[in-house]
Enquirer: 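Supplied in structure tokens, the structure appears directly below.
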Amino acid sequence: MSGAVDNTLISDSQILRPRPQKLIVAIALAMFTGGAVALSTYGWRQSALFLIGGLLGVSLYHSRFGFSSAYRKLLVNRDVRGIYAQLLMLAIATTIFAPVLAAGSIFGQEVYGAIAPVGLQGAIGAFLFGIGMQLGGGCGCGTLYTIGSGSYTMLITLFTFCLGAFWGSLTRDTWPELPQTSSIVLGETLGWVGAVTLQLGLLILIAGLLWWWSQSSQNQSQTDLDKSPIFPHPRAFLFGPWPLFTGAISLAILNWLTLVISGDPWRITWGFALWSAKIATILGWNPDSSPFWEEIPLSDSIFADVSSVMNISIILGALLAAALGGKLVAKTQICVPVVIATIIGGLMMGYGAFLSFGCNVSAFFSGIASTSLHGWIWIISALLGTWFGIRFRSLLKLPN
């Protein structure tokens, strides 16, 4: 389904002979142009974020940047390539987020990090998310970009992810009684220079430990690591594919741009919960019945919401990237085990993400880039959930 594929060794024929699907490319570009113009009614920032979301979709698709698949390959095959890419992404994001967050504003725009309390609620939510992304076949951003590239089975994951997030919002008041501390931001506690130094040191240490651990594996992919380029052939920037490290660099920069323009880092789950709540109101649900939703103006358009706009444009960006590479093909995998796993996985991801203050993007990626301690707790808990999720995949006879 979703996730990173083996794109470390790229032949010249793949790069120099792309066969773009010109009609789809034209349609996607027209949608981006029309969308950016239409969203200007909500201000230039919304139009800019729509385009940034598209670039995120292109980056995710061309680099096949996977979170769930990277964790599965790590635990099953000791394949560390995807994790190295994530470590690089986090190192760059931490470094470029810090000056902006330390200043508190940039170009007149106030900025806020992705911060959340540290406690049992977040750990349980991340654990559930870890199981869910292995059963659902993707993570938050992975679900979006694989839909855009033609994997329509992932629409089931998207639908159930939305339902799970909405369910999490309705039961939010049942969890705060669990033990937790207030938000802990290392940049504020240790100073921003100290926090960045600490996090970069931890990321380097993790990379070293992973290298040592992976050496006991005879997997050929490990010997290929030294041959993996950081940047693609110039033509591949447009047509793909990209090395994983290029995707990592691009995602870090685009998340920083999201922070600078919107005032908040990149996030995904909120848009899913909002979509479900709006549909529920159409079906007769009363938002005043929920302590969480009664204060949120659901009458506003989803196009006024940053997360919603970027989620939509990630799908379009992946569509454009797949068409540029001539690889847009409708793919479905409909069988009983896959459908059962996808439904359960999507629900667990949505519920877990809302419980843990975000998914792999807003809680893990943006959280650690913001030096929020909850981001580190999130990934530890999610990896534990991943371990269980891999075993549940085996029970359902899904490939690992």
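Given the structure is predicted, the values throughout are model-derived calculations rather than measurements.
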Enquirer: Which atoms form the tightest heavy-atom contact between Ala323 and Ile24, and what is the distance?
Expert: CB-CG2, 3.6 Å
Enquirer: Are Phe239 and Phe237 an aromatic pair by the rule of ring centers under 6.0 Å?
Expert: no
Enquirer: Can you tell me if Lys331 has over 12 outside heavy atoms packed within less than 6.0 Å of its NZ?
Expert: yes
Enquirer: Is the shortest heavy-atom distance from the side chain of Ile124 to the side chain of Trp175 under 4.5 Å?
Expert: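 The answer is yes, as the side chains (C-beta and beyond) meet within the 4.5 Å cut-off.
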Enquirer: State the CG-SG distance between Leu398 and Cys335, to the nearest 0.5 angstrom.
Expert: 7.5 Å
Enquirer: Rounded to the nearest 0.5 Å, what separation is found between the CG atom of Leu200 and the OG1 atom of Thr95?
Expert: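 One gets 4.5 Å once the value is rounded to the nearest 0.5 Å.
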Enquirer: Any side-chain heavy-atom pair from Trp211 and Val80 closer than 4.5 angstrom?
Expert: no
Enquirer: For the residue pair Trp167 and Tyr351, categorise the inter-ring angle as parallel (less than 30°), tilted (30 to 60°) or perpendicular (more than 60°).
Expert: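 Ring orientation, 0 to 90° scale: tilted.
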Enquirer: Within the 4.5 Å heavy-atom criterion, are Met310 and Trp266 side-chain neighbours or not?
Expert: yes
Enquirer: Does the ring centre of Phe272 sit less than 6.0 Å away from the ring centre of Phe159?
Expert: no
Enquirer: Hey, any chance Ile312 and Ile52 share a hydrophobic cluster, counting ILVMFWY side chains that come within less than 4.5 Å of each other, even indirectly?
Expert: yes
Enquirer: Between the main-chain N or O of Ala70 and the side-chain N or O of Asp79, is there a donor-acceptor pair closer than 3.5 Å?
Expert: no
Enquirer: For the backbone of Ala304 and the side chain of Gln46, can you confirm whether one donor and one acceptor N or O come within less than 3.5 Å of each other?
Expert: yes
Enquirer: Measuring centre to centre across the rings, with the benzene-like ring taken for any Trp, is Phe50 within less than 6.0 Å of Phe303?
Expert: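 When the ring centroids of Phe50 and Phe303 are compared, they turn out to be at least 6.0 Å apart.
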Enquirer: Identify, with sequence neighbours excluded, every residue that meets side-chain contact (heavy atoms from CB on, under 4.5 Å) alongside Ser356.
Expert: Ala126, Trp378
Enquirer: Hey, could you give me the CD/OG1 distance between Gln134 and Thr386, rounded to the nearest 0.5 Å?
Expert: 4.5 Å
Enquirer: Give the C-alpha distance, both sets of side-chain angles, the deciding distance and a yes or no for side-chain hydrogen bond (donor to acceptor under 3.5 Å, both in side chains) between Gln199 and Thr94.
Expert: CA-CA 8 Å; Gln199 289 208 158; Thr94 295; 3.1 Å; yes
Enquirer: Are Val37 and Ile27 connected, step by step, through hydrophobic side chains (Ile, Leu, Val, Met, Phe, Trp, Tyr) whose heavy atoms are closer than 4.5 Å?
Expert: no
Enquirer: Should the ring pair Phe354 and Trp270 be called parallel, tilted or perpendicular, given that the plane angle runs from 0 to 90° and is split at 30 and 60?
Expert: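 If you compare the ring of Phe354 with that of Trp270, the planes turn out tilted.
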Enquirer: Any luck finding a side-chain donor-acceptor pair between Tyr84 and Gln86 under 3.5 Å?
Expert: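 No donor-acceptor contact under 3.5 Å links the two side chains.
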Enquirer: Starting from the C-alpha separation in whole Å, work towards a yes-or-no answer on side-chain hydrogen bond (donor to acceptor under 3.5 Å, both in side chains) for Trp293 and Ser169.
Expert: CA-CA 8 Å; Trp293 290 103; Ser169 72; 2.7 Å; yes
Enquirer: Using the rule that two of Ile, Leu, Val, Met, Phe, Trp, Tyr join whenever any of their side-chain heavy atoms come within less than 4.5 Å, decide whether Leu170 and Phe161 are in one cluster.
Expert: no
Enquirer: Go through the steps for Gln109 and Arg45 under the test side-chain hydrogen bond (donor to acceptor under 3.5 Å, both in side chains), then give the verdict.
Expert: CA-CA 11 Å; Gln109 169 72 48; Arg45 295 180 189 276; 3.3 Å; yes
Enquirer: His374 side chain to Ser183 main-chain N or O, any donor-acceptor pair under 3.5 Å?
Expert: no
Enquirer: Any chance you could lay out the side-chain hydrogen bond (donor to acceptor under 3.5 Å, both in side chains) test for Ser250 and Ser59, step after step, and finish with the verdict?
Expert: CA-CA 7 Å; Ser250 178; Ser59 301; 2.6 Å; yes
Enquirer: For the rings on Phe127 and Phe388, is their centre-to-centre separation under 6.0 Å?
Expert: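 Under 6.0 Å, so yes.
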Enquirer: Give the ring-plane orientation class for Tyr61 versus Tyr145, where under 30° counts as parallel, over 60° as perpendicular and anything between as tilted.
Expert: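 If you compare the ring of Tyr61 with that of Tyr145, the planes turn out perpendicular.
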Enquirer: Flag yes if Leu274 and Phe357 sit in one hydrophobic cluster, no otherwise; membership is Ile, Leu, Val, Met, Phe, Trp, Tyr, and two members link when side-chain heavy atoms are under 4.5 Å apart.
Expert: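 Different hydrophobic clusters.
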Enquirer: Is there side-chain contact between Ser47 and Leu51, with at least one heavy-atom pair below 4.5 Å?
Expert: no
Enquirer: Could you tell me whether the side chain of Thr342 reaches within less than 4.5 Å of the side chain of Leu135, counting heavy atoms only?
Expert: no
Enquirer: Would you confirm whether Ser370, through its side chain, and Ile115, through its main-chain N or O, come within 3.5 Å as a donor-acceptor pair?
Expert: no
Enquirer: If you round to the nearest 0.5 Å, how far is CZ of Phe392 from CD1 of Ile340?
Expert: 14.0 Å
Enquirer: Quick check: does any side chain N or O of Lys278 sit under 3.5 Å from a backbone N or O of Asp300, one acting as donor and the other as acceptor?
Expert: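 At least one qualifying donor-acceptor pair exists.
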Enquirer: Is there side-chain contact between Phe67 and Phe364, with heavy atoms separated by less than 4.5 Å?
Expert: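 Yes, at least one pair of side-chain atoms sits under 4.5 Å.
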Enquirer: Please find the pair of heavy atoms, one from Asn360 and one from Gly140, that lie closest to each other, and give the distance.
Expert: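 Smallest interatomic distance, heavy atoms only, reads OD1-N, 3.1 Å.
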Enquirer: Ignoring hydrogens and geometry, is there a side-chain-to-backbone donor-acceptor pair from Ser290 to Pro287 under 3.5 Å?
Expert: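 Checking the backbone N and O of Pro287 against the side chain of Ser290, no donor-acceptor pair under 3.5 Å is found.
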Enquirer: Decide side chain to side chain contact (heavy atoms under 4.5 Å, CB included) for Ile268 and Leu144; before the verdict, give the C-alpha distance in whole Å, the side-chain angles of both, and the deciding distance to 0.1 Å.
Expert: CA-CA 10 Å; Ile268 287 177; Leu144 294 172; 4.2 Å; yes
Enquirer: State, yes or no, whether a side-chain contact exists between Val185 and Thr189 at a heavy-atom distance under 4.5 Å.
Expert: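 A side-chain contact under 4.5 Å is absent here.
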Enquirer: Return the CE to CG distance between Met89 and Leu203, rounded to the nearest 0.5 Å.
Expert: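 The CE atom of Met89 sits 10.0 Å away from the CG atom of Leu203.
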Enquirer: To the nearest 0.5 Å, what is the distance between CH2 on Trp213 and CG on Leu210?
Expert: 7.5 Å
Enquirer: Check whether any side-chain heavy atom of Trp275 sits under 4.5 Å from a side-chain heavy atom of Asn311, and report yes or no.
Expert: yes
Enquirer: Are Val329 and Val58 joined in one hydrophobic group, where the rule is that I, L, V, M, F, W and Y side chains link up if heavy atoms are under 4.5 Å apart?
Expert: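 No; tracing contacts between hydrophobic side chains, which count when under 4.5 Å, never links both residues.
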Enquirer: Could you tell me whether Arg391 sits above the aromatic face of Trp387, with NZ or CZ closer than 6.0 angstrom to the six-membered ring centre and within 45 degrees of the axis?
Expert: yes
